[in-house]
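Only one structure is covered here, and it is reproduced in the block below.
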Amino acid sequence: MSLLDSTDVDSKYEKIVSLIWGCELSSRQDSYTFPVSEDWQGEQQLALRTICLGETARDEFHVVEIVPTEEGGACTPVPLATLKPTVLPMATLVGVELTPPVTFRLRTGSGPVYISGQHFSMVPGLSWDEEEEEEEEEEDAEEEESPRKPPKGQAAKKSKKKKQEKKDELNNLSSEDPLPSKQGRGAGRGRKAAAKK
């Protein structure tokens, strides 16, 4: 089953968690192993995106390779990229998806070389019923923490009541009562222009 295609027929489902990942290889630390946590239960994948030289890298060839795990037996290391600041300081890695544990090694060169990518994990989810219960519990906890507000129905009734009072007030005005004036931009412009003439 691929990480991006969850075809679980059961009421349980899986969530994909994606984290940005990166490491540095140099003459001080020439290898890095991306480990698999023992308490992690879901499927994992490491998708590489870029490999580049640092700004202080010497003008020499830097060869980065993937070292096979000991389970692989007599496999040889696989070169991932050969970089040189004046020729190729960075390479984009498309379609390089590895299943951890993975070990990267700087075979030649002094670095620094930066490898970056995404770590995808399949996390077993809850059933729909369990998730709804969890959401309800979170909502209840939020309501208890927030200050008491009047129920939505009461607030709506108060605003309707105020609107109705304004309507009644306007309807009760007699034709002799002056209408409320609108003070604002342009109020009285016509009168001032007529007075000047």
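- Hydrophobic clustering (ILVMFWY, side-chain heavy atoms < 4.5 Å, transitive): L48 and Y32 are in one cluster.
- Here OG of S26 is found 8.0 Å from OH of Y114. Values are rounded to the nearest 0.5 Å.
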(request) Let me see the working for I66 and L98 under side chain to side chain contact (heavy atoms under 4.5 Å, CB included), right down to the final yes or no. (result) CA-CA 10 Å; I66 299 172; L98 307 165; 3.9 Å; yes

Check residues 78-88 and write down every donor-acceptor pair under 3.5 Å in which the side-chain atom is one partner and the other belongs to a residue at least two apart or another chain.
unit_1: T86; atom_1: OG1; unit_2: D59; atom_2: OD1; d: 3.0

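- Under the 4.5 Å side-chain criterion, counting only non-hydrogen atoms from C-beta, L93 is not in contact with T50.
- Rounding to the nearest 0.5 Å gives a distance of 4.5 Å between CD1 of I115 and CG of L25.
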Anything under 3.5 Å between a donor and an acceptor, one on a side chain of residues 99-112, the other on a protein residue two or more places apart or in another chain? List them.
unit_1: T103; atom_1: OG1; unit_2: T33; atom_2: OG1; d: 2.9
unit_1: R105; atom_1: NE; unit_2: E65; atom_2: OE2; d: 2.8
unit_1: R105; atom_1: NH2; unit_2: E65; atom_2: OE2; d: 2.5
unit_1: R107; atom_1: NH1; unit_2: E65; atom_2: OE1; d: 3.2
unit_1: T108; atom_1: OG1; unit_2: V63; atom_2: N; d: 3.4
unit_1: S110; atom_1: OG; unit_2: E60; atom_2: OE2; d: 2.9

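- For the atom pair OG of S116 and CD1 of I51, the computed distance is 9.0 Å after rounding to the nearest 0.5 Å.
- Side-chain contact check for V96 versus V94: every heavy-atom pair is 4.5 Å or farther apart.
- Taking the side chain as every heavy atom from C-beta outward, H119 and F34 approach each other to under 4.5 Å.
- Contact of the M90 side chain with the T92 side chain is registered, since non-hydrogen atoms from C-beta on lie closer than 4.5 Å.
- The distance from the CZ atom of F120 to the CD atom of E43 is 12.0 Å, given to the nearest 0.5 Å.
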